[in-house]
Q: 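Handing you a structure now.
Counting starts at 1 for both ligands and their atoms, following the listed order. The analysis underlying the following values was restricted to heavy atoms, covering all of them including side chains, and did not include hydrogens, waters or symmetry mates.
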Amino acid sequence: MGEPALSEEIGCLSIIVLGASGDLAKKKTFPALFHLHRQRFIESHDVHIFGYARSKMSDDDLRNRLRGYLTPCKGCEETHEEDVSKFLPLIKYVSGPYDADEGFLSLDEEISAYEMSKNDKGGPSRRLFYLALPPSVYPPVCKMIKKFCMNKSKGGWTRVVVEKPFGKDLNSSEALSTQIGELFDESQIYRIDHYLGKELVQNLLVLRFANRLFMPLWNHDNISNVQIVFKEDFGTEGRGGYFNEYGIIRDILQNHLLQVLCLVAMEKPVSLKPEHIRDEKVKVLQSVLPIKDDEVVIGQYEGYTDDPTVPKDSNTPTFATMVLRIHNERWEGVPFILKAGKSMKSRKAEIRVQFKDVPGDIFNLKSKGRNEFVIRLQPSEAIYMKLIVKEPGLEMKTAQSELDLSYRQRYQEVAIPEAYERLILDTIRGDQQHFVRRDELKVAWEIFTPLLHKIDNNEVQSLPYKRGSRGPEQADKLAEKVGYVQTHGYVWIPPTVSAV
Ligand SMILES: NC(=O)C1=CN([C@@H]2O[C@H](COP(=O)(O)OP(=O)(O)OC[C@H]3O[C@@H](n4cnc5c(N)ncnc54)[C@H](OP(=O)(O)O)[C@@H]3O)[C@@H](O)[C@H]2O)C=CC1
Ligand SMILES: O=C1O[C@H](COP(=O)(O)O)[C@@H](O)[C@H](O)[C@H]1O
C-alpha cells in the first residue's frame, strides 16, 4: 500500500544503510547522515542507524571506519569532535547475506528491539532503507525487506532509496522497475540522482520561474544553443571494473545531465507539487528526438585500458558529446549539447546558455562574442551573465564583461549543503520532488538506448584523447557545427572580497 505525499515526520526513525561496508556508504551516505544529525534534522532521541553488509565487523569496526569521513563543515570545527562522539553511537552493524532469510530476520529483530524501546505505547515507526548496493542485488534485497523488515506499526512507513544506475538500457531498467514495483508502491520508492540535490540545480526552477527577466527570452527566438557540461580531471582509477560495464553515457549523461536538461527546458509546472514538476519533466523528455549518428562524438582517454580490470579491446567511452533536439514550440531548432568526460583538463559542471547574435549589429559585435548565461554547478558555485558593455574611457569601444553572482563572495557565511544531505532529508519528509519517477526513467532510457546498443556492438567507435586534454577535437567541431560560438580573449577578473 502507498502513502500520502508529504507524510508527517513523527515516530521513531530507523535508517538502514544496506551495503554499509562500501564506498558510497562511507563517502556519501553516512557523512550526509552525520551532517543532518549535527544540524538536528535527525535527533538522537528518535533515530537509530543500522549498517548492513556481508563483511564481518563489529559496531565499533564500522564506526572507526567511518570516523575519518565525517569532516567538519565551514564554521563547525570547534564542536566537531563532540558532534562525532554524539553521532557514532547511533550506528549499529548487522552482518548478513543479501539473498537469504537469516540476515534480514536478525536485521528486523534489531530494528524492532529499537522501536520497542522507543515506542512502548505502540506509536508509529518509520523505516528508511538506503540501498548503497550494486543494482544486481536490488531485487533480492527488496524481496527480503518486503518479507521481513516492513514497518509493523500503525501510521508509520517504509521507504526504499535506490541509487543509479537503474539498469543498463530500456529493457533491463523496465525489468528492474517491474520487479521492485511488484513489491513497493511508487510512493515508497526514491530513485536518487544526486545532481538533483545540488544547490544550483535546485535553483533552476526559481531562476526560471521567479524572474520576469528570463521568461520572454527563454526560447528559440533568442537562444542559439545550450551546453550542459560535466568534466572531471581524474580517470576511472579504482572503479575500472564498474565503469567499463557502464561508460560515461550511462554514468553521467543518461541521468545527471539529462535531469539538468529537464529543468532547463521544461515548461512551468502547475504548482510546486512533486507530481506537477515530474509531469513537466516527462513531457519535455518525450519531446526529445532520436539522437542522430552524426551528432555524437565518443572518446576514450589514452591509458584507460591499462587498468587490469578493463579489457584491452574495450570500446567503452570515457567521454561523450552529443546533441539533443527538443521538438516543441519553445525549443525547435535549439541544440542542447551534452558533454561529459573523465580525465579532462579541468573539473567543472556547468550550464551555458548562449544567446543569438544581435540583429542589426551596429557595433561589429561578432568579434566580441555572444551573450551567455552561465550557471556553474561546481566547483565555486556561480551564476553569471556575459554581456557586452562600453569599455570605460573616452573611446566608444565595446568589451565583454559580466554580471556576476559568485556564491563564495555573495554568501560568505553560508555553508552550502551536500546534495546527499538534502536528498536524504527529503526522503524522511516524504518529498519526492527531487527523485526520478518511473515514467521519467523510462523515457530517459528510450532516448539513449539505440545509441548505447550501437556503442556496445562497436558500431560507433570511441576516439582516443590525451589525459588532461579537452577530449577529442571532433567534439569541439561538433559544437561549432551546430551553432556554438566560442568567445576568444575574454578574461575574468575575480572580484576581491573586501570589508564594507
Ligand atoms: N563568478 C565567476 O566565478 C565567474 C567566473 N568567470 C570565469 O572566467 C573564465 C572565462 O569564463 P567563461 O568564458 O564563461 O568560461 P570558459 O573560459 O571556461 O570557456 C568559455 C567556453 O569556451 C569553451 N571552450 C574553451 N576552450 C575551447 C576550445 N578550445 N574550443 C571550443 N570551446 C572551448 C568552454 O567549453 P568547455 O566547457 O567545453 O571547456 C566554454 O563553454 C572562466 O574561468 C570562468 O570560470 C567568469 C565570470 C564569472
Ligand atoms: O554519479 C557519479 O557522479 C560522480 C560525480 O559526482 P560529483 O557530485 O562529484 O560531480 C562521478 O565521479 C561518478 O563517476 C558518477 O558515478
Q: Decide ring-ring contact (aromatic ring centres under 6.0 Å, His included) for Phe50 and Tyr93; before the verdict, give the C-alpha distance in whole Å, the side-chain angles of both, and the deciding distance to 0.1 Å.
A: CA-CA 6 Å; Phe50 299 87; Tyr93 182 70; over 10 Å; no

Q: If you have a sec, work out which protein heavy atom is nearest atom 4 (C) of ligand 2 and how many Å separate them, to one decimal?
A: Glu232 OE2, 3.9 Å

Q: What atoms of ligand 2 come closer than 4.0 angstrom to any heavy atom of Lys164?
A: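 Ligand 2 atoms under the 4.0 Å threshold to Lys164: 1 (O), 2 (C), 15 (C), 16 (O).
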
Q: Using a strict 4.0 Å threshold on nitrogen-to-oxygen distance, state whether Glu245 and Arg250 make a salt bridge.
A: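 Here Glu245 does not pair with Arg250 in a salt bridge, since their nearest N and O are not under 4.0 Å apart.
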
Q: Just distances here: any N/O of Tyr242 and N/O of ligand 2 closer than 3.5 Å?
A: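 For ligand 2, there is no N or O atom that lies under 3.5 Å from one belonging to Tyr242.
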
Q: Which residue and non-hydrogen atom of the protein lie closest to atom 6 (O) of ligand 2, and at what distance in Å?
A: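 Protein heavy atom with the smallest distance to atom 6 (O) of ligand 2: His194 NE2, 3.2 Å.
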
Q: Does the distance from a Lys or Arg side-chain N to an Asp or Glu carboxylate O, for Glu446 and Lys442, drop under 4.0 Å?
A: yes

Q: Could you identify the single nearest non-hydrogen protein atom to atom 16 (O) of ligand 2 and state the distance to 0.1 Å?
A: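 Looking only at protein heavy atoms, the one closest to atom 16 (O) of ligand 2 is Asp251 OD1, 2.6 Å.
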
Q: Looking at ligand 2, would Phe243 count as a contact under a 4.0 Å heavy-atom criterion?
A: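 It does not; every heavy atom stays at 4.0 Å or beyond.
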
Q: Taking atom types as modelled, is there a side-chain donor on Ser314 or Asn244 under 3.5 Å from an acceptor on the other?
A: yes

Q: With a cut-off of 4.0 Å, which atoms of ligand 2 are near a heavy atom of Lys198?
A: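 Checking each atom against Lys198, I get 7 (P), 8 (O), 10 (O).
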
Q: Using 4.0 Å as the upper bound for N to carboxylate O, is an ion pair formed by Arg352 and Glu372?
A: yes

Q: Under 4.0 Å from a heavy atom of His256: give me the atoms of ligand 2 that qualify, with their elements.
A: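 So the answer, numbered in order with elements, is 1 (O), 2 (C), 3 (O).
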
Q: Report yes or no: is the cationic atom of Lys164 (NZ for Lys, CZ for Arg) under 6.0 Å from the centre of the six-membered ring of Phe166, at an angle within 45° of the ring normal?
A: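 Pair Lys164/Phe166 does not count as cation-pi.
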
Q: Any carboxylate oxygen within less than 4.0 angstrom of a Lys/Arg side-chain nitrogen, looking at Arg429 and Asp431?
A: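 No.
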
Q: List every atom of ligand 2 that sits less than 4.0 Å from any heavy atom of Lys342, numbering the atoms from 1 in the order shown and giving each element.
A: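 Ligand 2 atoms under the 4.0 Å threshold to Lys342: 11 (C), 12 (O), 13 (C), 14 (O).
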
Q: Closest non-hydrogen protein atom to atom 10 (O) of ligand 2, residue and atom name please, with distance?
A: Tyr195 OH, 2.4 Å

